[in-house]
Amino acid sequence: MKNEVSDYSIDDLKKDRKTDWSGVRNYQARNFMRDDMSDGDLAFFYHSNVDPSGIAGIMNIVGTAKPDETQFQKKSKYFDEKATKQNPRWFLREVQFVEKLPRLVSIQELREISDCKDMMILRKGNRLSITPVSEKEWKAALKASKK
DNA sequence: GCCAACGTTGGC
DNA sequence: GCCAACGTTGGC
């Protein structure tokens, strides 16, 4: 799960312990988040738009997918006039802080790990903020953070 | 700050 | 329903 550091970082989550992962406004990313996650799943917190960008920490998915309330808030930059309470368009997950990695695993490093080379986040032109990670990829990336 | 990639919008 | 124009993302 990717976020701009200047907006919200792993350190913010460490402080807050829990947060709603709101503001996802891409259908594919929404589907991954709404349909392919389960209560208790682990997720990487990826820092984007920073030097270096990469995996900064681990979090825990809490509960089920819920409507993202910002879609109903006229003043929010995430407001969506076509979304209704009866038929919400955008969803979020609550996430809980698990740990900050001992060391950030940068995108350059990820590209060099053979077990991670197929990660969706590494694909050229990828802009999805939520992407799946396989068990193999998870283990290899985590191992790299402990080197 | 540049720009490739790609999602979205809207005229037709 | 096509597709040009436009906007956004995010690595570099």
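Scope of the values below: all heavy atoms of this structure, side chains included, with no hydrogens, waters or symmetry mates. Chain identifiers are assigned alphabetically (A, B, ...) following the order of the sequence lines, protein sequences preceding nucleic acid strands; residue numbering begins at 1 within each chain. Model, not experiment: these values are computed from the prediction.
Atom CG of A:Leu122 is separated from atom P of C:dT9 by 20 Å (rounded to the nearest Å). Remark: C1' of C:dT9 and NE2 of A:His47 are 17 Å apart, rounded to the nearest angstrom. The distance between atom CD1 of A:Ile121 and atom C1' of C:dG10, rounded to the nearest whole Å, is 10 Å. Atom pair A:Ile107:CD1 and C:dT9:P shows a separation of 17 Å (rounding to whole Å applied). Distance A:Lys2 NZ to C:dG10 C1': 7 Å, rounded to the nearest Å. Nucleotide C:dG10 holds its C1' atom 18 Å from the CE atom of A:Met1, rounded to whole Å. Remark: C1' of C:dT8 and NZ of A:Lys77 are 11 Å apart, rounded to the nearest angstrom. Atom CD of A:Glu4 is separated from atom P of C:dG10 by 7 Å (rounded to the nearest Å).
Ring pair A:Tyr8/A:Phe45 is parallel by interplanar angle, where below 30° counts as parallel and above 60° as perpendicular.
Listed for the A:His47 side chain is no donor-acceptor partner under 3.5 Å among the backbone atoms of A:Pro52. Between the A:Asn126 side chain and the A:Leu128 main chain, a donor and an acceptor come within less than 3.5 Å of each other. A:Asp12 places a side-chain N or O within 3.5 Å of a backbone atom of A:Ser9 that can act as its donor or acceptor partner. No donor-acceptor distance shorter than 3.5 angstrom exists from the side chain of A:Asp20 to the backbone of A:Ser22, with no hydrogens or angles considered. One N or O on the side chain of A:Arg93 and one on the backbone of A:Met33 form a donor-acceptor pair closer than 3.5 Å. Side-chain atoms of A:Arg103 come within 3.5 Å of backbone atoms of A:Ala144 as a donor-acceptor pair (strictly under, hydrogens ignored).
No side-chain donor from either of A:Asp80 and A:Gln71 sits under 3.5 Å from a side-chain acceptor of the other.
A:Arg123 comes within 4.0 angstrom of no nucleic acid atom, judged by non-hydrogen atoms across all strands.
Taking a 4.0 Å limit (strictly below) on heavy-atom distances, residues 23-35 of chain A reaches DNA chain B at A:Asn26, A:Tyr27.
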* To do: At under 4.0 Å between heavy atoms, which parts of nucleotides 1-6 of chain B does protein reach? Answer with one letter per nucleotide, 5' to 3': B base, S sugar-phosphate only, - none.
  => ----BB

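Side-chain rings of A:Trp90 and A:Phe79 stay apart, their centers remaining 6.0 Å or farther from each other.
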